[in-house]
Amino acid sequence: MALNPNKNLKLYYSIKEVAEMLGVNESLLRYWEKEFPHLRPKTVSSTGVRQYTEKDIEQVRLIYNLVKVRGFKLAAARKYLNENRKGVDRSNDVLETLISLRDQLKDLKRHLDAAIV
């Protein structure tokens, strides 16, 4: 058996972990599973526990971006995902990059402000 060099890499995440990543309620994720056919995390049949993969989490982030960030209605987000899959993926990547850059700039500003004082 090969050792995993990245011990932080998980194969599956619970619904609670995914909800915390995005700052939403678990009930919202369950609701989105009903509304978006592409979002289907693995469910352990004996316990009913949902197990989200990285791919599932990326799907949730796309939905979050469309509904919560960009203000799409659920039907419009569903249609947009179905018709423009590559465009949604690309715009989500751009948005994540911009958010990361913004956070880095804020951190840099804090350091500069602290150095000046």
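Residue numbers run from 1 in the order of the sequence given.
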J.: Applying the salt bridge (charged side-chain N to carboxylate O under 4.0 Å, His left out) criterion to E35, which one of K73, R78, R40 satisfies it?
T.: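 The option that passes is R78.
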
J.: Is there a side-chain contact between L108 and L112 (heavy atoms, below 4.5 Å)?
T.: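 Side-chain contact under 4.5 Å: yes.
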
J.: Does any part of the side chain of L74, heavy atoms only, come nearer than 4.5 Å to the side chain of Y31, both counted from C-beta?
T.: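 The answer is yes; the side chains approach within 4.5 Å.
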
J.: Once rounded to the nearest 0.5 Å, what's the spacing between atom CG of N25 and atom CZ of R30?
T.: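 With rounding to 0.5 Å, CG (N25) is 9.0 Å from CZ (R30).
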
J.: Counting C-beta onward and ignoring hydrogens, is there a side-chain heavy-atom pair between I63 and H38 closer than 4.5 Å?
T.: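 The answer is no, as the side chains (C-beta and beyond) never meet within the 4.5 Å cut-off.
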
J.: Holding to side chain to side chain donor-acceptor pair (under 3.5 Å), I want the full list of residues that pass it with K109, two or more places apart in sequence or in another chain.
T.: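 Testing K109 for side chain to side chain donor-acceptor pair (under 3.5 Å), a comparison that skips the adjacent residues, returns D113.
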
J.: Looking at CD1 of I15 and CD of Q51, how far apart are the two atoms once the value is rounded to the nearest 0.5 Å?
T.: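 Nearest 0.5 Å value for the CD1-CD distance: 12.0 Å.
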
J.: Taking the side chain from N65 and the backbone from R61, do they hold a donor-acceptor pair closer than 3.5 Å?
T.: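 No.
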
J.: If we only count heavy atoms from C-beta on, is the L39 to L29 side-chain gap below 4.5 Å?
T.: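 They are not in contact (no side-chain heavy atoms under 4.5 Å apart), so the answer is no.
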
J.: Check F36 against L81 and note the closest heavy-atom contact, atom names and distance.
T.: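 Nearest pair, atom of F36 first, then L81: CD2-CD1, 3.8 Å.
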
J.: Do the side chains of V18 and Y12 join up, straight or via other hydrophobic residues, at under 4.5 Å, putting them in one cluster?
T.: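 No, separate clusters.
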
J.: Nearest 0.5 Å, what's the CZ-NZ distance between F72 and K79?
T.: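 Taking CZ in F72 and NZ in K79, the distance rounds to 11.0 Å.
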
J.: Looking only at side-chain N and O atoms, does S100 offer a donor or acceptor that is under 3.5 Å from a partner on D103?
T.: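 Absent: no donor and acceptor within the cut-off.
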
J.: Do L28 and K68 come within less than 4.5 Å of each other through their side chains, counting heavy atoms only?
T.: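 Yes. Closest side-chain heavy atoms under 4.5 Å.
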
J.: With a 4.5 Å cut-off on side-chain heavy atoms, are I57 and M21 touching?
T.: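 In contact.
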
J.: For the residue pair T53 and K42, establish whether any side-chain heavy-atom pair is separated by less than 4.5 Å.
T.: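 T53 does not reach K42 side chain to side chain.
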
J.: Any heavy-atom pair between the side chains of R110 and D107 that's under 4.5 Å?
T.: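 In contact.
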
J.: Kindly say whether S14 contributes a backbone atom to a donor-acceptor pair with the side chain of R50 at under 3.5 angstrom?
T.: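 No, because the side chain of R50 does not come within donor-acceptor range (under 3.5 Å) of the backbone of S14.
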
